[in-house]
Amino acid sequence: MHTKFILASSSSSRYKILKDSGFIFIKISPDTDEEKIKKQIKKKTKPALIAKKLSYEKAKSLNIKKKYFNHTVIGCDTLIYLGDKIFDKAKNISEAKKKLVNLSGKKHKIVSGVTLFRQGKKIYQFSETTQVKIRKLNKNKINNYLNKTGKQILNSVGCYQVEALGPEIIEDIKGDFFNVMGLPLFKLLKYVSNNK
């Protein structure tokens with residue numbers, strides 16, 4: 001595989017997904033202000049387009065730097081939405097409880113946007129959507145679950161980690177399992193293997 005890949009992310013789960021797949025790369029945090037970018041996006045923009053826009057800006061932020069110009073930079077952004085509502089990360093355990101109450105017994109969607117940049121140009125972009133159904137949860141189940149996970153669960157937008165204790169509250173997944181973890185791996189690897 002091409003060794004000059006950069007994952008423009010601070011996410012430990014994205015790093016682990018790529019590393020465990022045998023992908024050769026380095027990880028560098030992108031130089032972007034996500035909140036500022038989100039404010040510039042029109043309110044009724046579809047989640048997939050928002051995720052792609054954010055992934056674009058992450059990849060571009062590194063690739064435009066001279067020392068990374070000849071690397072292929074991979075940007076990724078993942079959103080969770082239920083109907084028209086896009087969820088942000090919970091700021092504390094109290095918000096996490098409210099989020100799990102909202103998701104309880106329902107199907108929601110996870111969408112990731114991925115953009116590859118090289119020599120100052122976008123060379124590939126796609127989005128991947130996965131459907132997740134959360135079990136019907138009562139307050140005791142939610143409290144017990146959050147007691148087990150602790151505050152680290154706040155790093156996950158959905159307040160669950162499918163690779164850890166997520167199966168305790170997840171009933172079903174339709175689509176790319178890795179997308180639920182934060183990086184749609186299959187489409188990315190297919191593109192890379194076809195463009196060595």
Min side-chain heavy-atom separation Val157-Thr78 under 4.5 Å
no

Taking the six-membered ring for Trp, are Tyr124 and Phe126 parallel (under 30°), tilted (30 to 60°) or perpendicular (over 60°)?
tilted

Side chains of Lys109 and Pro47: closer than 4.5 Å at any heavy-atom pair?
no

Which atom of Gly158 lies closest to which atom of Leu100, heavy atoms considered
O-CD2, 3.9 Å

Would you mind reporting whether Val132 and Lys107 have side-chain heavy atoms less than 4.5 Å apart?
no

Answer yes or no: is there a donor N or O on one side and an acceptor on the other, between the side chain of Asp31 and the main chain of Leu62, under 3.5 Å?
no

For a quick test of your reading: what N or O donor-acceptor pairs under 3.5 Å do the side chains of residues 172-182 make, sequence neighbours left out?
{"unit_1": "Asp172", "atom_1": "OD2", "unit_2": "Lys174", "atom_2": "NZ", "d": "2.7"}
{"unit_1": "Asp176", "atom_1": "OD1", "unit_2": "Phe178", "atom_2": "N", "d": "2.8"}
{"unit_1": "Asp176", "atom_1": "OD1", "unit_2": "Asn179", "atom_2": "N", "d": "3.4"}
{"unit_1": "Asp176", "atom_1": "OD2", "unit_2": "Leu185", "atom_2": "N", "d": "3.4"}
{"unit_1": "Asn179", "atom_1": "OD1", "unit_2": "Ser112", "atom_2": "OG", "d": "2.5"}
{"unit_1": "Asn179", "atom_1": "ND2", "unit_2": "Ile110", "atom_2": "O", "d": "3.3"}
{"unit_1": "Asn179", "atom_1": "ND2", "unit_2": "Glu128", "atom_2": "O", "d": "3.1"}
{"unit_1": "Asn179", "atom_1": "ND2", "unit_2": "Thr130", "atom_2": "OG1", "d": "2.9"}

Looking at Lys27, I want to see if its NZ is surrounded by more than 12 non-hydrogen atoms of other residues, nucleotides or ligands under 6.0 Å.
yes

Are Val162 and Leu18 grouped together when hydrophobic residues (ILVMFWY) are joined by side-chain heavy atoms under 4.5 angstrom apart?
yes

Run the numbers on Phe5 and Val192 for side chain to side chain contact (heavy atoms under 4.5 Å, CB included), then give the verdict.
CA-CA 10 Å; Phe5 282 96; Val192 171; 3.9 Å; yes

Heavy-atom side-chain proximity of Gln161 to Ser13 below 4.5 angstrom
no

Using a cut-off of 6.0 Å, state whether more than 12 heavy atoms not belonging to Lys106 lie near its atom NZ.
yes

Which pairs pass side chain to side chain donor-acceptor pair (under 3.5 Å) with one or both residues in residues 88-99, sequence neighbours excluded?
Lys97-Asn143

Quick check: closest heavy atoms across Ala48 and Ser127, and the distance to 0.1 Å?
CB-OG, 3.9 Å

Just so I know, are the side chains of Glu171 and Lys136 near enough to count as touching, which here means a heavy-atom distance under 4.5 Å?
no

Atom OG in Ser12, atom NZ in Lys19: separation rounded to 0.5 Å?
13.0 Å

Does Pro167 offer a backbone N or O that forms a donor-acceptor pair with the side chain of Arg135 under 3.5 Å?
yes

Side chain to side chain donor-acceptor pair (under 3.5 Å) partner of Thr115, chosen from Glu57, Lys53, Gln125, Lys52:
Gln125

Atom pair CD (Glu163) and CG (Asp20), whose distance is rounded to the nearest 0.5 Å
10.5 Å

Rounding to 0.5 Å, atoms OG1 (Thr72) and CD (Gln119) come to a distance of 8.5 Å

From Lys58 atom NZ to Ser10 atom OG, the distance as rounded to the nearest 0.5 Å:
7.0 Å

Given the rule that I, L, V, M, F, W and Y join up when any side-chain heavy atoms are under 4.5 Å apart, are Val73 and Phe69 in one cluster?
no

Which atom names give the shortest non-hydrogen contact between Ala90 and Cys159, and what distance separates them?
CB-SG, 4.0 Å

Residues passing the salt bridge (Lys or Arg N to Asp or Glu O under 4.0 Å) test with Asp84, sequence neighbours excluded, are none

Is there side-chain contact between Leu188 and Leu116, with at least one heavy-atom pair below 4.5 Å?
yes

Spell out, as yes or no, whether a donor-acceptor pair under 3.5 Å connects the side chain of Asn194 to the backbone of Lys190.
yes

More than 12 heavy atoms from other groups under 6.0 Å of NZ on Lys38
yes

Is it true that Leu79 and Ile74 fall in one hydrophobic cluster, defined by side-chain heavy atoms closer than 4.5 Å?
no

Do Tyr160 and Ile134 touch side chain to side chain, with heavy atoms closer than 4.5 Å?
yes

Val111 with Ile50, same ILVMFWY side-chain cluster at under 4.5 Å
yes

Any donor-acceptor N/O pair, Ser156 side chain to Ile153 backbone, under 3.5 Å:
no

Salt bridge between Lys148 and Glu168, side-chain N to carboxylate O under 4.0 Å?
yes

For the pair Asn63 (side chain) and His71 (backbone), establish whether a donor and an acceptor sit closer than 3.5 Å, ignoring hydrogens and angles.
yes

Quick check for you: to the nearest 0.5 Å, what is the distance between Leu103 atom CG and Ile142 atom CD1?
9.0 Å

Distance (rounded to the nearest 0.5 Å) between Gln131 CD and His108 NE2:
9.0 Å

Quick one: are Val114 and Tyr191 in side-chain contact, heavy atoms under 4.5 Å?
no

Going only through I, L, V, M, F, W and Y residues with side-chain contacts under 4.5 Å, is there a path from Ile37 to Ile80?
no

